[in-house]
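For clarity, every value in this text was computed on a predicted model and none was experimentally measured.
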Amino acid sequence: MSESVDAVSAGKKTYVAEIVKAVVIALVFSLVLVLIAAFVIKFFNVPSDAVPVINQIIRSVSVFVACLIALRSPGCGWLRGTITGICYSVLAFVLFSLLGGGFVWDITLLNNVVTGTATGLISGIIAMLVRRRR
């Protein structure tokens with residue numbers, strides 16, 4: 001009995017560690033992509049209307065790449081991806097608000113959380129499918 005409890009406890013710790021790792025990877029990856037995007041926008045005179053779209057693409061790609069890299073344990077990929085997307089969205093809001101000089105509470109935050117959640121859900125499922133084929 002205690003062996004199965006230990007296995008479940010170890011599985012939960014692994015899941016939490018993978019989610020934390022995925023969120024950190026996504027944050028670092030998005031910071032790098034934002035810097036690259038800033039240079040591209042500056043040098044190629046990209047219209048300001050395109051910036052929100054570029055930001056959403058960066059957020060989605062970051063969550064997707066992070067889930068593919070970090071979510072390795074089998075099972076519950078959809079749940080771990082969803083949690084990763086939500087945690088990333090909240091922490092990215094805080095990080096980029098601090099870097100931007102202020103917090104703005106508007107519909108964009110809700111949009112970012114919904115997009116992050118959906119991307120995390122899909123990415124978690126894809127990460128489990130990719131792992132299963134190997």
Side-chain angles (χ1 to χ4, degrees):
M1 175 81 177
S2 68
E3 290 178 13
S4 65
V5 171
D6 290 340
V8 169
S9 177
K12 288 180 182 178
K13 288 180 184 176
T14 302
Y15 284 177
V16 171
E18 286 182 353
I19 291 169
V20 169
K21 183 178 176 182
V23 171
V24 170
I25 290 170
L27 286 170
V28 170
F29 195 70
S30 63
L31 281 171
V32 170
L33 288 179
V34 164
L35 286 173
I36 292 170
F39 285 121
V40 169
I41 289 168
K42 180 162 175 79
F43 288 122
F44 293 108
N45 294 325
V46 176
S48 61
D49 296 344
V51 173
V53 174
I54 293 169
N55 284 336
Q56 285 300 335
I57 291 170
I58 288 172
R59 290 172 182 272
S60 296
V61 168
S62 296
V63 171
F64 181 73
V65 168
C67 284
L68 286 181
I69 291 172
L71 302 184
R72 296 189 173 273
S73 298
C76 296
W78 64 272
L79 179 61
R80 291 183 288 145
T82 301
I83 293 169
T84 299
I86 292 169
C87 291
Y88 165 77
S89 297
V90 171
L91 290 175
F93 169 72
V94 171
L95 179 66
F96 287 114
S97 293
L98 289 173
L99 291 175
F103 292 87
V104 177
W105 302 94
D106 60 359
I107 195 72
T108 306
L109 174 60
L110 177 63
N111 184 25
N112 290 341
V113 171
V114 169
T115 303
T117 303
T119 303
L121 172 76
I122 294 167
S123 301
I125 293 169
I126 292 172
M128 292 302 102
L129 292 174
V130 168
R131 298 285 178 236
R132 186 178 294 162
R133 290 184 180 240
R134 290 184 179 178

Do Phe93 and Asn112 come close enough that some side-chain heavy atom pair is under 4.5 Å? no
Side-chain contact, heavy-atom cut-off 4.5 Å: Phe103 with Phe96? no
Would you check if Leu35 and Val32 make a side-chain contact, meaning some heavy-atom pair closer than 4.5 Å? no
Does any part of the side chain of Arg72, heavy atoms only, come nearer than 4.5 Å to the side chain of Thr14, both counted from C-beta? no
Measuring only between side-chain heavy atoms, which start at C-beta, is Leu109 closer than 4.5 Å to Val104? no
Is any side-chain heavy atom of Leu31 closer than 4.5 Å to one of Leu99? yes
Minimum heavy-atom separation for Glu18 to Leu71, with atom names? OE1-CA, 3.8 Å
Compare every heavy atom of Gly75 with every heavy atom of Tyr15, then report the nearest pair and how far apart it is. OH-O, 3.4 Å
Is Ile122 close to Trp78 at the side-chain level, that is, under 4.5 Å between some pair of heavy atoms? no
d(Ile69 CD1, Ser123 OG) to nearest 0.5 Å is 11.5 Å
Single-linkage hydrophobic cluster Ile86~Leu95, side-chain heavy atoms < 4.5 angstrom: no
From Ile126 atom CD1 to Leu68 atom CG, the distance as rounded to the nearest 0.5 Å: 7.0 Å
Starting at CG of Leu121, measure out to CZ of Arg80 and round the result to the nearest 0.5 Å. 13.0 Å
Cluster check Val113, Val61: I/L/V/M/F/W/Y, side chain < 4.5 angstrom: no
same_hphob_cluster(Leu33, Val51) at 4.5 Å side-chain heavy-atom cutoff: yes
Is there side-chain contact between Arg59 and Thr115, with heavy atoms separated by less than 4.5 Å? no
Hydrophobic cluster membership, Trp105 vs Val90, 4.5 Å side-chain cutoff: no
What's the shortest heavy-atom distance between Thr84 and Cys67, and which atoms? CG2-SG, 4.1 Å
Search all heavy atoms of Ile25 against all heavy atoms of Ala70 and return the closest pair with its distance. CD1-CB, 4.2 Å
If you group Ile, Leu, Val, Met, Phe, Trp and Tyr by side-chain heavy-atom gaps below 4.5 Å, do Ile57 and Val65 land in one group? yes
To the nearest 0.5 angstrom, please state how far the OH atom of Tyr88 sits from the CZ atom of Phe29. 10.0 Å
Can you give me the closest heavy-atom contact between Ala22 and Ala66, atom names plus distance? O-CB, 3.1 Å
Shortest non-hydrogen separation from Ser89 to Gly116 and the atoms involved: OG-CA, 3.5 Å
